Amino acid sequence: MTIARIALPVPLDKLFDYRIGDTQPKVGARVKVPFGPRQLIGMVVALPQHSDYPIEKLKAISQVLDAEPLWQPPLYQTLQWLSHYYQYPLGDTLNLLMPAALRQGKPASMQALKMWRITDQGRNEQHTLAKNAHQQARLLAALTNQAQSHSDLQQAEFSAATINSLAKKGWIESFFEAQKNTSLWPKQAPLKQAPLQLNDEQALAVATIQSQHEFACLLLEGITGSGKTEVYLQAIAPVLEQGKQVLVLVPEIGLTPQTIARFTERFDVPVAVVHSNLNDTERLKAWLNARDNHCAIVIGTRSALFTPFHDLGLIVVDEEHDASYKQQDTIRYHARDAAIMRANKEQIPIVLGSATPSLETLYNAQTGKYHHLTLKRRAGNASLTKNRLLDIKGMHCEAGLSAPLMAQMRQHLQAGNQVMLFLNRRGFAPALICHECGWLAQCPRCERYYTVHQQSQQLCCHHCATQRPLPHQCHQCGSTQLAGVGVGTEQLEQTLQHLFPDFSAIRIDRDSTRRKGSLDQALTAIAQNQHQILIGTQMLAKGHHFPNVTLVGLIDVDSALFCNDFRAPERLAQLFVQVAGRAGRASKPGEVVLQTHHPEHPLLLSLLRSGYGPFAQEALNERRIAELPPYSHLCLFRAEDHQGSQAELFLSQVKQTLEAHPEFKAHDHFIMGPMPAPMAKRAGRYRWQLILQSNQRSLRNKLISQSKTAINILPLSNKVRWSMDVDPQDMS
Ligand code: ADP
Ligand code: ZN
Ligand code: ZN
């Protein structure tokens with residue numbers, strides 16, 4: 001064979017033919033090729049007999065980087081499916097979804113590690129080290145008993161300067177060590193902790209999962225504390241016993257040490273953890289370990305889905321409804337949906353777990369596409385919370401807190417319990433107003449109000465991240481009477497310290513947990529009861545269990561209720577169930593209070609009176625009447641530019657292109673727009689959108705994939721910034 005067809009990471013939705021040199025590459029191998037003045041790394045996707053170009057015109061491959069395909073067929077097919085379904089060029093897709101180290105051309109195998117050790121000279125002379133050379137002393141101490149890898153030293157925040165200065169003195173030296181894999185896997189008895197005695201519902205769920213031997217999608221719907229994790233663990237055990245591997249996906253915020261511990265405490269097998277904070281080396285290592293069968297379980301966030309395995313036996317997607325599974329830029333895939341596709345290609349079962357399944361998933365379960373397993377009883381020693389709506393119409397509120405809620409807080413705090421308050425708005429106040437003339441401080445790039453951050457004395461735009469010093473004078477009238485409008489978590493924290501001086505309040509939001517490790521620290525302090533009042537955004541609601549919290553207050557339910565995003569009620573319900581499910585235990589039953597001006601709202605009533613199931617049924621009904629997903633299938637076209645006119649014009653041309661396609665007239669497709677996005681300006685760009693709504697998924701896919709070439713060659717397509725979002729989640 002003489003020609004290789006190659007997918008390259010360039011923003012052109014096509015493949016490129018190259019001439020094969022001395023080394024014959026396999027399909028699925030990475031190659032280095034000349035592209036214009038540059039050398040790019042691409043992937044061989046086919047070895048065709050013919051090219052549209054004469055062979056002598058083709059450039060030659062510079063280097064074949066892999067002797068074997070990078071991915072096994074099921075994973076490779078999943079990636080191809082992703083590229084096709086999410087309308088993202090294949091070259092970019094493959095490039096983005098491989099570890100960065102491989103993208104840069106590093107070998108797809110364990111490399112020798114650069115190590116550092118202390119020398120005899122170093123041992124003998126280290127007492128002469130200057131007293132103030134703290135870092136060098138720390139480094140010598142770290143190497144005293146054992147050699148360490150260069151990357152581990154970097155991780156431990158030793159600077160290159162520190163390492164070099166000791167190396168120059170001859171006190172430490174480097175050497176290379178081949179990486180060994182000592183992990184004993186597969187093994188005979190992977191279990192190291194006895195499984196719990198399952199209740200009937202759990203036993204049925206485990207048996208159903210275990211009886212699947214090829215592709216099947218199972219929804220495990222279980223209220224919080226019903227023992228879903230125990231079901232995962234017991235479903236996983238026989239898979240490991242067969243020597244097969246398991247992939248567990250968790251939401252971003254759910255990947256806590258506690259989650260990982262539940263797997264490592266139960267199974268005596270190597271576990272790899274994959275998350276966004278890994279450095280390139282660690283990520284590649286996890287990838288290789290899974291591929292080469294040096295680990296049995298991979299637990300990770302969204303991108304862990306693209307880990308290759310030696311022999312994958314089961315996929316679990318925990319909290320399948322979580323919004324963090326959808327990637328919001330580049331290739332806008334949904335990791336849950338892609339995981340189902342991967343399970344399909346691998347011919348293995350997949351379990352989707354949630355206390356509050358997404359409406360899409362519930363619909364698929366109800367129409368028989370998925371098995372529906374339910375856990376209705378609490379397994380552990382937790383009890384159901386008492387929930388109530390608190391009508392705050394006409395009430396005086398302090399930092400958003402009504403008097404009855406404060407009184408209730410006092411009771412719970414004085415009884416020695418913890419109270420959690422939930423407010424989905426970080427910062428001190430969502431706007432800054434001039435008391436004299438009404439001027440509001442606004443981000444000129446987004447035309448939205450700045451949030452006041454008092455601690456850092458700044459105005460921040462939460463849409464474009466612009467920051468500027470807090471002004472002391474009105475920009476319009478010069479008055480110094482400036483005040484915050486509304487309440488954010490920072491203000492709530494401050495007010496609570498005044499209202500409850502005998503108790504300690506802690507705030508958990510993106511601002512307070514920016515520092516690495518600070519969230520874990522805060523959670524530990526809460527567990528040790530160092531704080532009695534916990535204030536947070538939705539970050540606090542997810543994945544953490546707070547047995548001493550007996551009162552939860554949702555301060556501002558109305559802002560979620562009256563929001564133009566059709567998914568907002570679903571999200572509010574999921575949040576409520578999550579918050580309610582994390583509070584209290586049998587000996588200390590919890591209460592949840594929802595402050596609202598609309599206690600008669602049917603959604604709130606059904607949620608509180610009957611729970612998530614009936615709520616979801618009602619919400620599905622509303623979606624059906626409005627022909628919204630899952631009863632229709634959307635594709636959102638976004639475009640933005642600095643003037644707004646070109647973005648709008650481009651989208652109207654997209655609309656014409658779609659409407660001109662024969663498929664458009666043949667079946668039910670509707671187009672809404674072009675219209676300004678709900679967030680009409682961001683970071684100086686005017687944002688427009690166009691929504692395609694189709695009754696059948698396959699027909700929508702056909703329409704967009706066949707129109708795409710025509711859209712790509714519209715003259716405006718490279719003048720505006722635009723994207724296609726298939727099955728969009730965030731419509732802002
Ligand atoms: P979920 O994941 O559904 O929220 P977990 O799996 O975390 O629930 O279980 C909640 C608590 O119940 C945990 O402390 C767990 O150890 C306990 N638990 C789960 N299943 C059982 C069981 N069959 N018997 C006793 N305790 C159980
Ligand atoms: Zn003013
Ligand atoms: Zn802004």
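Bear in mind the structure is a predicted one, so any value in this text is a computation, not a measurement. Numbering of ligands and ligand atoms starts at 1, following listing order. This chain uses plain numbering: 1 for the first residue, then up along the sequence.
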Check: Gln327/Arg302 side-chain N/O donor and acceptor closer than 3.5 Å
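Gln327 vs Arg302: donor-acceptor pair found between side chains.
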
Return yes if a side-chain donor-acceptor contact under 3.5 Å exists between Gln418 and His412, otherwise no.
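No pair is found: no donor N or O on one side chain lies under 3.5 Å from an acceptor on the other.
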
Could you tell me whether Gln202 approaches ligand 1 through its side chain, its backbone, both or neither, with non-hydrogen atoms closer than 4.0 Å?
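It is the side chain that touches ligand 1; the backbone stays farther off.
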
Record the part of Leu375 in heavy-atom contact with ligand 1 below 4.0 Å; permitted values are side chain, backbone, both and neither.
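It is neither; nothing of Leu375 touches ligand 1.
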
Please report, to 10°, the angle around the Zn ion (ligand 3) from atom SG (Cys446) across to atom SG (Cys464).
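Vertex the Zn ion (ligand 3), arms to SG of Cys446 and SG of Cys464: 110°.
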
The Zn ion (ligand 3): angle it makes with SG (Cys443) and SG (Cys461), nearest 10 degrees
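The SG/SG angle about the Zn ion (ligand 3) sits at 110°.
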
Hey, could you give me the CZ/SG distance between Arg685 and Cys446, rounded to the nearest 0.5 Å?
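Output value for this atom pair is 11.5 Å.
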
Gap between atom CG of Asn424 and atom CZ of Phe422 - 0.5 Å precision
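Spacing of CZ (Phe422) from CG (Asn424) equals 4.5 Å.
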
If the contact criterion is a heavy-atom separation under 4.0 Å, does Asp318 count as touching ligand 1?
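It does not; every heavy atom stays at 4.0 Å or beyond.
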
Non-hydrogen atoms of Gly222 versus ligand 1: any pair closer than 4.0 Å?
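Checking ligand 1 against Gly222, which is what was asked, there is no heavy-atom contact under 4.0 Å.
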
My understanding is that we take every heavy atom of each candidate and find the minimum distance to atom 7 (O) of ligand 1. Doing that for Gln234, Lys228, Glu230, Arg262, which one comes out nearest?
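Ranked by closest heavy atom to atom 7 (O) of ligand 1, first place is Arg262.
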
Take Arg638 and Gln689 through the side-chain hydrogen bond (donor to acceptor under 3.5 Å, both in side chains) test and state the conclusion after the steps.
CA-CA 5 Å; Arg638 295 188 180 89; Gln689 51 180 238; over 6 Å; no

Among Gln729, Arg336, Glu570, His321, find the residue that satisfies the side-chain hydrogen bond (donor to acceptor under 3.5 Å, both in side chains) test when tested with Ser358.
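Between Ser358 and the candidates, side-chain hydrogen bond (donor to acceptor under 3.5 Å, both in side chains) is satisfied uniquely by Arg336.
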
Thr229, any N or O under 3.5 Å of ligand 1 N or O
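N/O-N/O distance below 3.5 Å exists for this pair.
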
What I want to know is whether Gly225 and ligand 1 share at least one N or O pair that is separated by under 3.5 angstrom.
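So ligand 1 has an N or O lying under 3.5 Å from an N or O of Gly225.
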
If I take every N, O or S atom of Cys434, is at least one of them less than 2.8 Å from the Zn ion (ligand 2)?
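Of the N, O and S atoms in Cys434, at least one lies under 2.8 Å from the Zn ion (ligand 2), which means yes.
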
From the Zn ion (ligand 2) out to just under 2.8 Å, does an N/O/S atom of His435 turn up?
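Given the 2.8 Å cut-off, His435 does not count as a ligand of the Zn ion (ligand 2).
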
So that I know where these two stand, are Trp722 and Phe650 an aromatic pair - ring centroids less than 6.0 Å apart?
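Ring centres of Phe650 and Trp722 closer than 6.0 Å.
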
Give a yes or no on whether the backbone of Ala290 and the side-chain of Gln245 come within a donor-acceptor separation of less than 3.5 Å.
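Checked: pair present.
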
